2 protein chains.
Amino acid sequence: MPRKRLTREESREQTRLRLLDAAAVSIAKKGLAATSVEDIAAQAGYTRGAFYSNFKSKTDLFIELLKRDHQSIQEDLQRLLDADMSSEDLQKQLTLFYAQAYRDHTSYVIWAEARLHSVRDAKFRQRLNALCLEKRDVIAYFILQFCKRMKMPLPGPAPDLALASMALIDGILYFNTSMPNELPDAAAEALLGTIFSRTFFGAQA
Amino acid sequence: MPRKRLTREESREQTRLRLLDAAAVSIAKKGLAATSVEDIAAQAGYTRGAFYSNFKSKTDLFIELLKRDHQSIQEDLQRLLDADMSSEDLQKQLTLFYAQAYRDHTSYVIWAEARLHSVRDAKFRQRLNALCLEKRDVIAYFILQFCKRMKMPLPGPAPDLALASMALIDGILYFNTSMPNELPDAAAEALLGTIFSRTFFGAQA
DNA sequence: GAATTCAAATACAACACTGTATTAGAGTTC
DNA sequence: GAACTCTAATACAGTGTTGTATTTGAATTC
């Protein structure tokens, strides 16, 4: 097997990536607090030395992890919303987005972990909020365009409606995931459909 | 000060209560994982001995804590919903309820912590879901009664609508709390008002 | 009021985690 | 290819946590 000889920079980058991936797995499985630096390093196939040589601290790594995830979510979201604005329903787009974003479950847990962490750490909260607001703005813009195109009056401030969408989808996704018998996929989708269409069209689903 | 001489049972109960209260505070502040048994005991004014003599483990205590909180929430909720069914708006009732339930912030954090924990522990998840569903049913019943009284057709299955209400309120409360400048109280209320009234009345707010 | 029973304190042994300081061994430069 | 410069491994010192085993002292029983 002709293993490529890596340059020092490439090698370092690879280590960073592996550590980040390992952290995501471990944090999703055991939680941020219960995940030790050692866990992360070991999971990635290194020792703690590698970790500290690449990150200042566990929190430091966690923030990088969130940023990375956020970036990828943002890209997916943009692509999705840009794709076909001709679509009749806001709901499907947004739902699809979430199904997409949280497809691997790891992502969901990491953000839940982040929200919880942000309750306790003001500095962290600021950073997390900044990320959330970026997402909100993308969605708000979409809602705005959508209503304009449909010649519907906005039922409220677009940014607030965007937050509500995020809140609703997130919460419903939680129930859907944690009690799939009570709220199976179909019911969750129908529920979102009802609320979205009634909210935006003001009328029948 | 004539301090009442406690019976053995009373004393034990007092210790349990103090430990539970202390745990709530500590868990809200630092998180479940970061809270040691020692922290809890010390916070309550005891040593670890007292803890282990009253609870099997930290998880054990945590579940008791949730049960206790749930019970008190359920009672508040029942009282609120039973009180004056003549009210015109579902939204105010439910919003009020949450403002009530999460009044002290500790409660919110504990439940967020619980949800996260439930992702990782199937047994725990079952127990948590049971509590959630109890709450859902109370709300669902209220929604049902409300729509009947208003002579409105239900826009969907009442239990699902109840879950959606919980999801929405929870999420919006999170934004409202963590970024009060972006979503101040008034905006959060207005937002809930818009969505609820549009969902249930199908028409203008 | 002596014997008992039980809640809670204390002592203890094992272990996990952190972060730094030092070392080894590659990659890089000349 | 020798000197160097990094990355990551290893060693280590300090601290925190857990759960059990034992002890103390107060409440209860007779």
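A note on names: the letters A, B, ... follow the listed sequences, proteins ahead of strands, and every chain is numbered from 1. Since we're looking at a predicted model, the values are computed, not measured.
One interatomic measurement links the two molecules: CD of B:E9 to C1' of D:dT29, which rounds to 16 Å at whole-angstrom precision. Atom CZ in B:R18 sits about 16 Å away from atom P in C:dA7, given to the nearest Å. Atom CD in A:E10 sits about 15 Å away from atom C1' in D:dC6, given to the nearest Å. Nucleotide C:dC17 holds its C1' atom 14 Å from the CG atom of A:L32, rounded to whole Å. One can place CD of A:Q14 at 13 Å from C1' of D:dA8, the figure rounded to the nearest angstrom. Between the CG atom of B:L19 and the P atom of C:dA7 there is a distance of 13 Å, given to the nearest Å. Computed from coordinates, the A:R12 CZ to C:dT28 P distance equals 13 Å when rounded to whole Å. Regarding A:F51, its CZ atom lies at a distance of 16 Å from the P atom of D:dT7, rounded to whole Å.
The side chain of A:N54 places an N or O atom within less than 4.0 Å of a non-bridging phosphate oxygen (OP1 or OP2) of D:dA8. An OP1 or OP2 oxygen of C:dT28 is reached within less than 4.0 angstrom by a side-chain nitrogen or oxygen of A:T7.
Here the nucleotide nearest the side chain of B:S53, chosen from C:dA7, C:dC17, D:dA9, is C:dA7. Nearest nucleotide to the side chain of B:T15, out of D:dT18, C:dA8, D:dT10: C:dA8.
At a threshold of 4.0 angstrom between heavy atoms, the contacts of A:S36 are confined to the sugar-phosphate backbone, with no base atom among them.
Not counting sequence neighbours, the partners of A:A28 by the side-chain contact (heavy atoms from CB on, under 4.5 Å) test are A:T106, A:V109. Partners of A:S57 under the side-chain contact (heavy atoms from CB on, under 4.5 Å) rule, at least two apart in sequence or in another chain, are A:T59, A:D60. For A:R125, there are no salt bridge (charged side-chain N to carboxylate O under 4.0 Å, His left out) partners two or more places apart in sequence or in a different chain. In this structure B:E38 satisfies the salt bridge (charged side-chain N to carboxylate O under 4.0 Å, His left out) test together with B:R48, sequence neighbours excluded.
Using a 4.5 Å heavy-atom threshold, the side chains of B:R68 and B:D21 count as touching.
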Donor-acceptor pairs are to be reported for all side-chain atoms of residues 160-173 of chain B against protein atoms at under 3.5 Å, with residues two or more places apart or in another chain.
residue, atom, partner, partner atom, Å
B:S165, OG, B:L161, O, 2.9
B:D170, OD1, B:Y102, OH, 3.0
B:D170, OD2, B:R115, NH2, 3.1

Could you run down the sub-3.5 Å N/O contacts of the protein with nucleotides 19-23 of chain D?
residue, atom, partner, partner atom, Å
D:dG19, OP2, B:Y52, OH, 2.2
D:dG19, N7, B:R48, NH1, 2.7
D:dG19, O6, B:R48, NH1, 2.7
D:dG19, O6, B:R48, NH2, 3.0

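No more than 12 heavy-atom neighbours from other residues, nucleotides or ligands sit within 6.0 angstrom of CD on A:Q71.
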